[in-house]
Protein chains: 2
Amino acid sequence: MPRPRQPRLTRQLIVDTATALIDAEGLPAFSTRRLAAELGVRGPSLYNHFATKDEILDAVADTVTGAVDTSGFASRDWVAALRDWAWSYRRALTAHPNIVPYLAQGPGRRPAALAMADAVYGGLVRAGWPPARATHIGAALRYFVAGSALGSFARGFVEEPELYAAHYPHLRDAHRLAEHQQSVDEGAFALGLDALLHGLTAEYARTVGPVESARPSG
Amino acid sequence: MPRPRQPRLTRQLIVDTATALIDAEGLPAFSTRRLAAELGVRGPSLYNHFATKDEILDAVADTVTGAVDTSGFASRDWVAALRDWAWSYRRALTAHPNIVPYLAQGPGRRPAALAMADAVYGGLVRAGWPPARATHIGAALRYFVAGSALGSFARGFVEEPELYAAHYPHLRDAHRLAEHQQSVDEGAFALGLDALLHGLTAEYARTVGPVESARPSG
DNA sequence: GCGGCAAAACTTACACCGCTAGTTTAAGGG
DNA sequence: CCCTTAAACTAGCGGTGTAAGTTTTGCCGC
């Protein structure tokens with residue numbers, strides 16, 4: 001089957017299908033042949049549109065990151081902007097949890113990740129944070145969000161109470177975590193984010209100056 | 001070459017060699033055949049000692065997690081214990097950064113991870129935190145530590161200034177991040193951890209009661 | 001209109017992957 | 001001493017990413 005009348009593949013179509021496949025079956029199940037099959041095509045054909053498998057994954061990761069909203073840094077005080085950004089970031093990642101392990105490994109050359117870092121850094125510097133501090137804050141929040149989307153603390157537990165009861169006295173009810181997975185993860189995220197922002201507000205007051213444009217809501 | 005006079009493989013030897021191999025060449029380079037070659041053996045021989053490749057990786061991950069020190073929860077106030085634990089946790093992970101993406105995916109059945117979770121949870125509950133809060137705090141800190149060890153914000157940047165200058169105005173000096181990688185990551189971690197603990201201290205005073213045994217150091 | 005070139009699919013193939021099955025020999029217990 | 005078990009082996013299956021070369025189509029310039 002040679003070149004068809006109308007191309008069957010597009011970068012966009014490949015990325016969309018790859019995203020759906022990863023969402024549905026996980027990263028390990030994502031292979032070039034499997035993806036090609038999903039597209040009604042033969043595997044190597046993908047290489048007419050992407051140079052490597054990683055390039056496809058980068059495109060998927062970039063699309064996911066592109067959904068993050070950083071507009072708050074242009075309109076709100078820095079605390080509110082950080083909060084909005086962190087939640088938007090988390091939502092974007094948890095919408096496609098299976099790609100997170102790949103995505104989490106450095107902003108690299110991915111345009112959307114760089115644009116995001118740029119917006120955050122710029123917003124914090126504009127708010128009065130020293131550049132080095134702005135870098136640290138952006139990184140720290142990134143750690144927290146990525147960790148929360150990746151680790152899914154609760155998901156790791158297993159439905160076998162006796163596994164825990166014997167050896168881990170305090171985790172007697174750990175198996176229950178699996179039931180309330182989402183609420184545990186979201187609760188931990190909300191608590192941690194509030195604590196982080198609270199601490200940053202105090203740090204701001206101490207080192208930058210009295211809180212003016214910063215109106216902490218927590 | 002049949003059964004040798006003296007076994008050439010041990011679970012311990014396999015785990016140690018696997019750890020060294022992953023440290024030296026990264027997760028993708030870690031294959032059963034490659035590991036076997038490193039051990040002077042033929043690949044399938046590993047399956048006399050481990051059922052699957054993942055079981056080997058779990059053992060490596062468990063060894064890494066086992067190096068985390070949670071003793072502070074038995075002797076110090078909860079804030080100091082959390083701080084010590086978080087730093088120890090981070091040191092354990094950054095000592096073997098290549099295994100982190102695997103390790104980060106849920107505490108699962110790995111004994112060391114469960115023991116760690118148990119110690120943290122128990123310590124927080126003993127300090128007066130409500131159980132649900134204790135779970136959230138442990139998870140939040142885990143997110144932060146795992147994210148910091150995984151993402152290595154700075155490592156992601158590339159040594160090509162012109163890549164950033166054009167499109168990301170605030171990241172003009174982003175390529176310099178690669179130079180100061182370790183200090184940026186550690187600084188971000190220190191800042192974030194202090195902010196988190198500061199916020200948790202405030203939360204404790206507000207919801208649990210006046211700070212008594214808690215003696216925040218930040 | 002037509003020749004030629006680029007595009008986009010194809011087939012084939014390589015080296016590697018995790019893992020299974022069956023084989024061989026040595027070690028150790030009854 | 002036999003017999004089970006352990007621990008290595010070889011062979012091989014189905015799958016992986018990707019390189020190379022083939023074929024047909026669409027399109028652009030003459």
Side-chain angles (χ1 to χ4, degrees), chain A residues 1-62 98-99 101-103 105 108-109, chain B residues 1-62 98-99 101-103 105 108-109:
Chain A
M1 197 171 291
R3 182 181 188 185
R5 318 304 173 98
Q6 183 169 325
R8 301 194 218 175
L9 299 182
T10 316
R11 281 183 69 99
Q12 193 56 48
L13 181 59
I14 292 172
V15 171
D16 291 346
T17 309
T19 304
L21 182 56
I22 293 171
D23 284 347
E25 311 192 1
L27 254 197
F30 174 73
S31 75
T32 55
R33 291 194 235 261
R34 180 80 177 76
L35 171 60
E38 210 76 19
L39 287 158
V41 126
R42 286 286 164 137
S45 302
L46 297 169
Y47 289 84
N48 288 315
H49 304 265
F50 289 92
T52 64
K53 182 192 184 183
D54 275 0
E55 210 173 82
I56 302 177
L57 284 169
D58 278 335
V60 171
D62 208 54
N98 294 335
I99 191 68
Y102 184 88
L103 184 148
Q105 285 165 160
R109 305 170 183 268
Chain B
M1 198 170 291
R3 182 180 189 189
R5 316 304 174 101
Q6 184 168 327
R8 301 194 218 174
L9 299 182
T10 315
R11 280 182 70 99
Q12 192 56 52
L13 180 60
I14 293 171
V15 170
D16 291 346
T17 309
T19 305
L21 181 57
I22 293 170
D23 284 347
E25 311 192 1
L27 254 196
F30 174 73
S31 75
T32 56
R33 290 191 234 258
R34 180 81 177 74
L35 170 59
E38 209 76 19
L39 288 158
V41 124
R42 283 292 170 126
S45 302
L46 296 170
Y47 289 85
N48 287 314
H49 304 266
F50 289 91
T52 64
K53 182 191 184 186
D54 275 0
E55 210 174 83
I56 302 177
L57 284 169
D58 278 335
V60 171
D62 208 54
N98 294 335
I99 191 67
Y102 184 86
L103 185 146
Q105 284 167 157
R109 305 169 184 268

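We use all heavy atoms of the structure for the numbers below, so side chains are in, but hydrogens, waters and symmetry mates are not.
Listed pair Ser45(B) / dA7(D) fails the phosphate criterion, with no side-chain N or O lying under 4.0 Å from OP1 or OP2. Dashed line: the shortest gap from a side-chain N or O of His49(A) to OP1 or OP2 of dA7(C) is not under 4.0 Å. OP1 or OP2 of dC17(C) lies within a sub-4.0 Å distance of a side-chain N or O belonging to Ser31(B).
Following rounding to the nearest Å, Tyr47(A) (OH) and dA13(C) (P) show an atom-to-atom distance of 19 Å. To the nearest angstrom, P of dT23(C) lies 16 Å from CG of Asn48(B). Atom CZ of Arg42(A) and atom C1' of dG21(D) are 17 Å apart (whole Å). Leu57(A) places its CG atom 12 Å from the C1' atom of dG17(D), with the value rounded to the nearest Å.
Looking at which nucleotide of DNA chain D each of Pro44(A) and Arg34(A) is closest to, the 5′-most match is held by Arg34(A).
When the nucleotides dC17(C), dA8(D), dT16(D) are ranked by their closest atom to the side chain of Val41(B), dA8(D) comes out on top.
For the atom pair CG of Leu21(A) and CG of Leu35(A), the computed distance is 6.0 Å after rounding to the nearest 0.5 Å. In this structure, CD on Glu55(A) lies 5.5 Å from CZ on Arg11(A), to the nearest 0.5 angstrom.
Among the protein residues, Phe50(B) comes within range of no part of the nucleic acid, since none of its heavy atoms lies under 4.0 Å from any strand.
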